[in-house]
Amino acid sequence: MKVLIDNGHGENTPGKRSPDGRLREWTYSREIADMVVAGLRKKGIDAERIVKEDSDIPLSERCRRANAIYKETGKKAILVSIHCNAAGSGTSWVNAHGWSVFVSNNASASSKKLAACLCEEAESLKLQVRRPAPKQPYWQQNLAICRDTNCPAVLTENFFQDNKDDVEFLLSPQGKDVVARIHIEGITKYLGL
Ligand SMILES: [Zn+2]
């Protein structure tokens, strides 16, 4: 099984940063993506980033890459897209906070299971998880990276880049470790390893 990690956005994406400019989503998601790939490989799990460029690669191209690998591997790939949430326009701090996971409206049972595994891991780490309903661990949205990929696919929104406490946590060494761990352990659980 190959784990594909998609890191959101690029250095040329406007906005997508904390109001104080300390966190930029494109660099942060790449840093976490590298930690996740390294952590999975350490466990003997094949993993790679599908966006190695620093620029914002269009969603259509990212889906094309994922689908090509899914085909090459004989349908043995899954995808996790890593992001940080935002509730405002990026100019001021907001109250919204916490971690959440998304699947597309046309999500397969496998995508939903992968999302549930990640959510379970986040909750076992005592993190505040945002759920649409108490019994539903994931949100469903019309997300191209999940909708247009053939493999099981989820998107994580790792806390809010415009919440002051979340940004402090995200930028701390402990916070980075925890965010990476949600993915590493959640994916491991999904794979049944
Ligand atoms: Zn994003």
Side-chain angles (χ1 to χ4, degrees), residues 3-37 48-66 78-105 107 111 114-115 118-119 122 127-132 137-149 151-171 175-176 178-184 186-187:
V3 179
L4 306 176
I5 303 295
D6 174 57
N7 30 260
H9 319 293
E11 61 184 343
N12 54 333
T13 315
K16 305 283 184 192
R17 69 186 75 193
S18 59
D20 61 5
R22 289 171 66 213
L23 187 148
R24 290 200 65 189
E25 189 181 356
W26 78 275
T27 42
Y28 192 79
S29 64
R30 277 165 177 72
E31 188 176 350
I32 296 298
D34 281 337
M35 291 171 75
V36 172
V37 167
E48 70 170 86
R49 276 172 50 189
I50 61 163
V51 177
K52 281 141 189 163
E53 299 90 340
D54 283 343
S55 57
D56 196 356
I57 300 301
L59 280 162
S60 56
E61 168 61 13
R62 282 146 66 191
C63 292
R64 194 200 60 75
R65 288 178 189 181
I78 61 171
L79 180 136
V80 179
S81 186
I82 297 177
H83 291 255
C84 296
N85 219 335
S89 63
T91 49
S92 56
W93 297 108
V94 300
N95 291 323
H97 62 115
W99 184 92
S100 49
V101 61
F102 292 75
V103 298
S104 60
N105 292 325
S111 296
L114 175 56
L118 288 160
C119 177
L127 302 170
Q128 198 236 326
V129 174
R130 298 165 65 87
R131 288 167 174 256
Y138 48 79
W139 299 76
Q140 283 194 272
Q141 255 183 27
N142 188 25
L143 300 165
I145 194 71
C146 298
R147 183 194 65 211
D148 298 339
T149 42
C151 57
V154 306
L155 182 149
T156 59
E157 289 286 9
N158 296 281
F159 302 92
F160 282 76
Q161 58 193 302
D162 52 359
N163 177 286
K164 208 166 197 221
D165 294 334
D166 276 7
V167 168
E168 281 305 326
F169 177 70
L170 284 167
L171 292 174
K176 289 178 186 178
V178 164
V179 172
R181 199 179 325 164
I182 298 168
H183 297 83
I184 296 163
I187 290 165

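Being a predicted model, the structure only gives us computed values, none of them experimental. Numbering of ligands and ligand atoms starts at 1, following listing order. Count residues from 1 along the sequence.
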Would you tell me whether Asn158 and Trp99 have side-chain atoms, one donor and one acceptor, within less than 3.5 Å of each other? yes

Check: Ser81/Asp6 side-chain N/O donor and acceptor closer than 3.5 Å: yes

Of Glu157, Gln161, His9, which meets side-chain hydrogen bond (donor to acceptor under 3.5 Å, both in side chains) against His83? His9

Would you say the side-chain atoms of Arg147 and Asn105 include a donor-acceptor pair closer than 3.5 Å? no

Going by side chain to side chain contact (heavy atoms under 4.5 Å, CB included), Val80 matches just one of Leu4, Leu114, Asn7. Which one? Leu114

Counting heavy atoms not belonging to Lys164, are there more than 12 under 6.0 Å from its NZ? no

Identify which protein N/O/S atoms are less than 2.8 Å from the Zn ion (ligand 1). His9 NE2, Glu25 OE2, His83 ND1

